[in-house]
Visitor: 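Got a structure for you, written out below as structure tokens; questions coming shortly.
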Amino acid sequence: MAVSVEELADAMYELVTEYAGKKKLKASDIVKEMISKYGDEVDKEQGKEAIRCLMDSERCVYTYFGGTYIELPHKEGAEPE
Amino acid sequence: MSDSKSPILDELEKGPWPSFVTEIKKAAEKSPMAQGLLEQLELSYKEKRTHWKHGGIVGVKGYGGGIIGRYSDASDKFPEVAHFHTVRVNQPSGWFYTADALRELMAIWEKHGSCLTNFHGSTGDTVFLGTKTSELEDIFTELSEKGWDLGGSGSDVRTPSCCVGPARCEFACYDTLSLTYDLTMSYQDELHRPFFPYKWKFKMAGCPNDCVASIARSDFSIIGTWKDAIQMDGEAVKEYVADANFNIQKFVVNKCPSKCISWDGKELEIDNKNCVRCMHCINVMPKALRPGKEKGATLLIGAKAPIVEGAQLASVLVPFMEMKPPYQELKDLLAAIWEFWDENGVARERIGECIQRVGLGNFVEQIGLKPIPQMVMQPRDNPYIFYEEYLEEE
């Protein structure tokens, strides 16, 4: 049975949570991980849709540290107190 | 002794040229942020070090690009610039604005930012310099309501940009403005939702003069060219020659890099098969010579400035492609290249670096192009291409 975009976004959120503070994940890393988890049930376009869902729900944010990553929202380290 | 708060910066106002210090001072008359910037900059000049910190999170909801976070590490001294984020606004193709459009942008920026701008950033965007995190969503909403959008930043398609093209230039071999608009609209997701290993820059140049320096400054450079012969108006050639100050041998023939142009005292001849489209003769005699009639573009790939690795110029990928809407052939090629980059690229690796690492031969094979001589920079000196027939013989 195909995985819905919402389910995929949930799985992505779990993955980002698991890696929080350990490794920064790029959008393509997350999608590749989902493809290896769900196999043919997921393709890259669905992965992109799920990332959109994840961002629009504000459970994750884009961050830029050299390249762009997807992380849990957190306080900006550089922001003055 | 001067009671100026910025004696070092004041030095940069001397001389006959425009001064960014003067412009910041003008903005400071109505913007406390601009005044704070001036004072922090004076301190940086005095201490010979920056007081900016790069922010990594700020943005607007749903977008992964368009805002560049900047904070002061001296916010106790300069609270006005504690936040000083940059907003990149997607510029119109060819940088054509109406006065009303500019007023519209400035009204938004005066309300929410420092009043300081950069027309334009090196990628091409209209750049708003200096605002607070709390203002970002309002800026974005107001820009959107007026039909503007943010540009790219981070690991995404950066705001595509082009030369003025056929709007003002008779040498344009394709409609750069139309292609830029089309790519911008076609790749909205790629522009606003970073998915690549690193940045991707498009630049569209209408002719080989490459006024936007796409060959040096874009990952994917689309330079107008022609397939057939240079168009020549014999009468106009004679008019040039009749001018006593014009030496056709010295100014044109001797400067042809491939020596494909000759003048026998009566007629100008061009060996078009050996023309490398340098544009020199056309630039010197624009009334007599013009690009050919069979027009399109050469696609080049891999240029970049030195960040992670050294600078690279772009290499030819496709010598000639017709550039007409809906640009499907171009878009199919882009899809293949992005798929390759997604599979093979590592974090912060530009496409040019990725191609260097895996080899041009592997790259062209994977995107479905055949190796051709135009991809080879120097004959018999390129290790990238291996012909299978040759290997079989061994």
Side-chain angles (χ1 to χ4, degrees), chain A residues 5-6 8-9 11-13 15-17 19-36 39-40 42-81, chain B residues 51-79 81-85 132-134 152-157 188-190 192-200 307-308 335 338-339 341-350:
Chain A
V5 169
E6 288 74 21
L8 203 53
M12 286 176 168
Y13 180 70
L15 182 74
V16 175
T17 306
Y19 277 91
K22 297 171 198 159
K23 187 186 176 192
K24 291 184 193 299
L25 298 171
K26 301 196 300 290
S28 56
D29 296 333
I30 296 170
V31 172
K32 281 175 192 167
E33 192 62 36
M34 292 300 114
I35 291 172
S36 73
D40 292 344
V42 171
D43 63 24
K44 207 175 273 183
E45 285 314 307
Q46 273 176 290
K48 287 182 179 177
E49 244 183 278
I51 287 178
R52 187 183 202 130
C53 174
L54 201 58
M55 293 299 159
D56 290 348
S57 67
E58 298 184 68
R59 284 182 288 171
C60 286
V61 289
Y62 286 109
T63 62
Y64 180 82
F65 296 97
T68 303
Y69 301 93
I70 290 178
E71 295 186 74
L72 299 178
H74 57 275
K75 188 179 174 343
E76 177 88 82
E79 187 176 351
E81 291 299 326
Chain B
H51 284 284
W52 293 125
K53 295 189 285 184
H54 198 313
I57 298 179
V58 289
V60 296
K61 188 181 165 189
Y63 275 27
I67 310 290
I68 295 89
R70 199 75 71 206
Y71 297 99
S72 168
D73 73 359
S75 57
D76 50 337
K77 292 192 189 94
F78 313 111
V81 291
H83 295 201
F84 203 77
H85 310 317
K132 295 173 187 167
T133 306
S134 56
S153 69
S155 304
D156 62 10
V157 165
Q188 280 288 294
D189 233 28
E190 287 78 1
H192 299 306
R193 297 173 183 274
F195 195 81
F196 296 144
Y198 205 17
K199 63 184 90 167
W200 174 280
I307 298 182
V308 182
W338 285 346
E339 183 65 28
W341 194 29
D342 185 28
E343 289 304 316
N344 295 280
V346 297
R348 298 197 75 199
E349 186 176 52
R350 299 282 283 271

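Every heavy atom of this structure was used, including side-chain atoms; hydrogens, water molecules and symmetry mates were not. Order of the sequence lines fixes the chain letters, A, B, ..., with proteins taken first and strands second; residue numbering starts at 1 for each chain.
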Visitor: Test B:D189 against A:R52 for side chain to side chain contact (heavy atoms under 4.5 Å, CB included), laying out the working first.
Guide: CA-CA 9 Å; B:D189 233 28; A:R52 187 183 202 130; 3.1 Å; yes
Visitor: Starting at CH2 of B:W341, measure out to OG of A:S28 and round the result to the nearest 0.5 Å.
Guide: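 B:W341 CH2 to A:S28 OG: 9.5 Å, rounded to 0.5 Å.
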Visitor: Do you know which of B:E343, B:R193, B:R348, B:K53 has the most heavy-atom pairs under 4.5 Å to chain A?
Guide: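 Heavy-atom pair counts peak at B:R193.
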Visitor: Considering only heavy atoms, which portion of B:H54 lies under 4.5 Å from any heavy atom of chain A: side chain, backbone, both, or neither?
Guide: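 Both the backbone and the side chain of B:H54 come within 4.5 Å of chain A.
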Visitor: For A:E58, which atoms come within 4.5 Å of any heavy atom of chain B: side chain, backbone, both, or neither?
Guide: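 The answer is the side chain of A:E58.
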Visitor: Give, as side chain, backbone, both or neither, the part of B:S72 having an atom under 4.5 angstrom from any heavy atom of chain A.
Guide: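 Only the backbone of B:S72 comes within 4.5 Å of chain A.
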Visitor: At what distance, to the nearest 0.5 angstrom, does OG of B:S155 lie from OH of A:Y62?
Guide: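 Interatomic distance, B:S155 OG to A:Y62 OH, rounded to 0.5 Å: 10.5 Å.
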Visitor: With a 4.5 angstrom heavy-atom cut-off, could you sort out which part of B:E190 is near chain A: side chain, backbone, both or neither?
Guide: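 The side chain, not the backbone.
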Visitor: Side chain, backbone, both or neither: which part of B:F195 has a non-hydrogen atom closer than 4.5 Å to chain A?
Guide: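 Both backbone and side chain of B:F195 come within 4.5 Å of chain A.
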Visitor: Between atom NE2 of B:H192 and atom CE of A:M55, what is the distance when rounded to the nearest 0.5 Å?
Guide: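 B:H192 NE2 to A:M55 CE: 15.0 Å, rounded to 0.5 Å.
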Visitor: If you measure from NZ on A:K44 to CG on B:D342, what distance do you get to the nearest 0.5 Å?
Guide: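 It is 3.5 Å, given to the nearest 0.5 Å.
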Visitor: Taking all atoms of both residues into account, what is the closest heavy-atom pair of B:Y71 and A:P80, and its distance?
Guide: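 Between these two residues, the closest heavy atoms are CD2-CD, 3.4 Å.
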Visitor: For the CD1 atom of B:I57 and the OH atom of A:Y69, what is their distance to the nearest 0.5 Å?
Guide: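 B:I57 CD1 to A:Y69 OH: 14.0 Å, rounded to 0.5 Å.
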Visitor: What do you reckon, is CG of B:D76 surrounded by more than 12 foreign heavy atoms closer than 6.0 Å?
Guide: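 It does: B:D76 CG has more than 12 such atoms within range.
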Visitor: Run the ring-ring contact (aromatic ring centres under 6.0 Å, His included) test against A:H74 and tell me which residues pass, sequence neighbours left out.
Guide: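 Listed in chain order: nothing, the list is empty.
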Visitor: Is the NZ atom of B:K132 crowded by more than 12 outside heavy atoms at less than 6.0 Å?
Guide: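 Open.
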Visitor: Counting only heavy atoms from other residues, nucleotides and ligands, does the tally under 6.0 Å from NZ of A:K75 exceed 12?
Guide: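 Enclosed.
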